[in-house]
Peer 1: 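Handing you a structure now.
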Amino acid sequence: MNKVYICDSDDINLEASLDGGQAFRWWGDKEKYRGVIRDNVYIISKENSSIYIENLTSEINNKSLSELKVYLGLNFNLKKFTNHYKEQNYIYKLILSNQGLRILHQDPWEATISFITSSVSNVLKIKNNINKLSSIAGNKIGEGMNDYTFPTAKKIFELGESELRKIGFGFRSPYIIDAAYKNMKNQIDFQKLREIEYEKCLNKLLEVKGIGKKVADCIMAYGLGRRDVFPVDRWVRRGLVNRLKYKNIYTNEKLSDLARIKFKNDSAYIQQYIFYGEKTS
DNA sequence: ACTCAGGGTCGAC
DNA sequence: GTCGACCCTGAG
């Protein structure tokens with residue numbers, strides 16, 4: 001429908017932010033992506049030196065534009081962040097060479113299922129799983145093959161483990177059912193999880209089968225908007241050990257705790273730049 | 001055709 | 001704390 005200017009092209013790197021392993025519903029190629037945020041289909045594109053966003057399902061107004069900026073993480077002061085690390089060679093180079101990489105603020109429920117799905121998988125497979133699930137159990141909201149809302153917990157629960165296995169979730173299927181059951185029974189209050197201290201939030205998420213510390217950290221970073229978390233996977237581990245000289249004997253959980261204490265509220269962003277940098281180099 | 005590895009977690013010892 | 005098992009699929 002209407003297409004509006006949202007920011008300068010220097011403000012956000014679309015490929016790194018939308019299709020770099022934190023969100024799994026954007027399809028496109030470097031300068032143009034189509035995807036779903038909650039119940040709207042969007043096209044986000046770079047044209048000349050501007051970023052535009054088009055809503056294919058309803059009109060964009062001031063309120064929804066403001067929400068889109070929140071989703072894209074545009075409220076985070078990237079310039080200040082960048083400047084703060086200018087003395088730290090490895091991190092500063094990562095920030096400069098991936099300029100505009102931002103952490104998205106996704107729907108926490110979708111992030112929960114996405115990162116349970118991410119275990120020993122890869123970005124393409126996660127995307128295929130999540131989008132197929134949406135096309136089977138979500139609501140159709142557009143003409144594109146991936147224009148579906150992300151399914152509710154109830155819909156996923158009703159689908160059942162065997163159907164999830166047919167979609168290709170494999171051994172993660174019972175985990176997803178457990179998450180769906182707990183969410184359906186209102187055992188997970190995402191709004192409350194945004195505000196409580198890290199350890200309590202972590203322990204609550206760990207109650208769900210298939211959520212360990214790494215997945216919980218991702219849910220907190222990408223779904224709950226928490227920046228005081230440092231997810232450590234095999235890629236981030238490489239950066240921490242090989243470049244920042246953390247000890248190789250430490251487990252990923254230990255590395256996460258150490259980095260979290262060091263980087264405090266910059267943790268999620270530092271982690272994101274290390275992850276993306278290590279994965280694409 | 002065949003092997004490898006990908007944003008880990010679980011349960012048993 | 002350590003270790004094998006766990007599903008699937010694109011890439012080489």
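Chain letters run A, B, ... following the sequence lines, proteins first and then strands; every chain starts at 1. Quick caveat: nothing in here was measured; it's all calculated off a predicted structure.
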Peer 1: Which nucleotide, in any strand shown, forms a Watson-Crick or G-U wobble pair with dG7(B), with both distances under 3.5 Å?
Peer 2: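 Pair assignment: dG7(B) / none.
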
Peer 1: For Ile116(A) and dC10(B), what is the distance between atoms CD1 and P respectively, to the nearest whole Å?
Peer 2: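 These atoms are roughly 9 Å apart.
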
Peer 1: I need the CZ-P distance between Arg165(A) and dC7(C), as an integer number of Å.
Peer 2: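 From Arg165(A) CZ to dC7(C) P: 5 Å.
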
Peer 1: Between Pro231(A) and Ile211(A), which is nearer to the 5' end of DNA chain B once each is assigned its nearest nucleotide?
Peer 2: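 Its nucleotide being nearer the 5' end, the pick is Pro231(A).
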
Peer 1: Could you tell me how far apart Trp235(A) (CH2) and dG8(B) (P) are, to the nearest whole angstrom?
Peer 2: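 It works out to 10 Å between those atoms.
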
Peer 1: Provide, to the nearest angstrom, the distance between the NZ atom belonging to Lys214(A) and the C1' atom belonging to dG8(B).
Peer 2: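 To the nearest whole Å, that distance equals 8 Å.
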
Peer 1: Give a yes/no answer on whether the side chain of Arg172(A) brings an N or O atom under 4.0 Å of OP1 or OP2 in dT9(B).
Peer 2: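 Arg172(A) to dT9(B) OP1/OP2: no side-chain N or O under 4.0 Å.
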
Peer 1: At under 4.0 Å between heavy atoms, what does Tyr222(A) touch on the DNA or RNA strands: base, sugar-phosphate, or nothing?
Peer 2: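 Touches a base.
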
Peer 1: How about Tyr198(A) and Asp217(A): does a side-chain donor come under 3.5 Å of a side-chain acceptor?
Peer 2: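 The criterion, which ignores hydrogens and geometry beyond distance, is satisfied for Asp217(A) and Tyr198(A).
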
Peer 1: Just the rounded figure in Å: distance from C1' of dC8(C) to CG of Leu164(A).
Peer 2: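 So the CG-C1' distance, Leu164(A) to dC8(C), works out to 14 Å.
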
Peer 1: Classify the side chain of Ser119(A) versus the base of dG8(B) as yes if they form a donor-acceptor pair under 3.5 Å and no if they do not.
Peer 2: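 In this structure, the two groups form a donor-acceptor pair.
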
Peer 1: Under 4.0 Å, counting only non-hydrogen atoms across every strand here, what does Val123(A) touch: a base, just sugar-phosphate, or nothing?
Peer 2: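 Since only primed, P, OP1 and OP2 atoms lie under 4.0 Å of Val123(A), the category is sugar-phosphate.
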
Peer 1: Need one value for Val120(A): base, sugar-phosphate or nothing, where a base atom within 4.0 Å counts as base even if backbone is also close, heavy atoms only.
Peer 2: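 If one applies the 4.0 Å heavy-atom cut-off, Val120(A) turns out to touch a base.
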
Peer 1: Given the P atoms of dC7(C) and dC2(B), what is the spacing between them in whole Å?
Peer 2: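 Here dC7(C) and dC2(B) have their P atoms 23 Å from each other.
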
Peer 1: Using a distance-only test with no angle check, is there a side-chain donor-acceptor pair under 3.5 angstrom linking Ser50(A) and Asn48(A)?
Peer 2: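 Note: Ser50(A) and Asn48(A) side chains miss the donor-acceptor criterion.
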
Peer 1: Can you confirm whether the side chains of Asn61(A) and Ser64(A) place a donor and an acceptor under 3.5 Å from each other?
Peer 2: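 Side chains of Asn61(A) and Ser64(A): pair found under 3.5 Å.
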
Peer 1: Say you pick atom P in dG7(B) and the same atom in dT2(C); how far apart are they, in whole Å?
Peer 2: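 Straight-line distance between the two P atoms is 25 Å.
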
Peer 1: Relative to the ring of Tyr181(A), is the ring of Phe157(A) parallel (under 30°), tilted (30 to 60°) or perpendicular (over 60°)?
Peer 2: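 Rings of Phe157(A) and Tyr181(A): tilted, 30 to 60°.
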
Peer 1: Between dA5(B) atom C1' and Lys279(A) atom NZ, what is the distance in whole Å?
Peer 2: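 Interatomic distance, NZ of Lys279(A) to C1' of dA5(B): 13 Å.
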
Peer 1: Between Asp19(A) and Lys127(A) (salt bridge meaning N to carboxylate O under 4.0 Å), is one present in this structure?
Peer 2: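 Yes.
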
Peer 1: Which is more 5' along DNA chain B, the nucleotide nearest Gln272(A) or the one nearest Val208(A)? Just name the residue.
Peer 2: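 Taking each residue's closest nucleotide, the earlier one in sequence belongs to Gln272(A).
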
Peer 1: Using atom NZ of Lys166(A) as one end and atom P of dC8(C) as the other, report the distance to the nearest whole Å.
Peer 2: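 Value for this atom pair: 12 Å.
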
Peer 1: Considering only heavy atoms and no angle criterion, is a donor-acceptor pair shorter than 3.5 Å present between the side chain of Tyr175(A) and the base of dG8(B)?
Peer 2: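 A donor-acceptor contact between them is absent.
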
Peer 1: Output yes if the stacking criterion (under 5.5 Å between centres, under 30° between planes) is met for Phe275(A) over the base of dG7(B), else no.
Peer 2: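 Yes, aromatic ring over the base.
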
Peer 1: Donor-acceptor pairs under 3.5 angstrom involving side-chain atoms of residues 72-81 of chain A: please list them, not counting sequence neighbours.
Peer 2:
unit_1   : atom_1 : unit_2   : atom_2 : d
Asn77(A) : OD1    : Lys79(A) : N      : 3.3
Asn77(A) : OD1    : Lys80(A) : N      : 2.9

Peer 1: Reckon Gly21(A) touches a base, only the sugar-phosphate, or nothing at all at heavy-atom distances under 4.0 Å?
Peer 2: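 Contact class for Gly21(A): base.
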
Peer 1: Without decimals, in angstroms, what is the distance between Lys209(A) NZ and dC7(C) C1'?
Peer 2: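 Distance check: Lys209(A) NZ to dC7(C) C1' gives 19 Å.
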
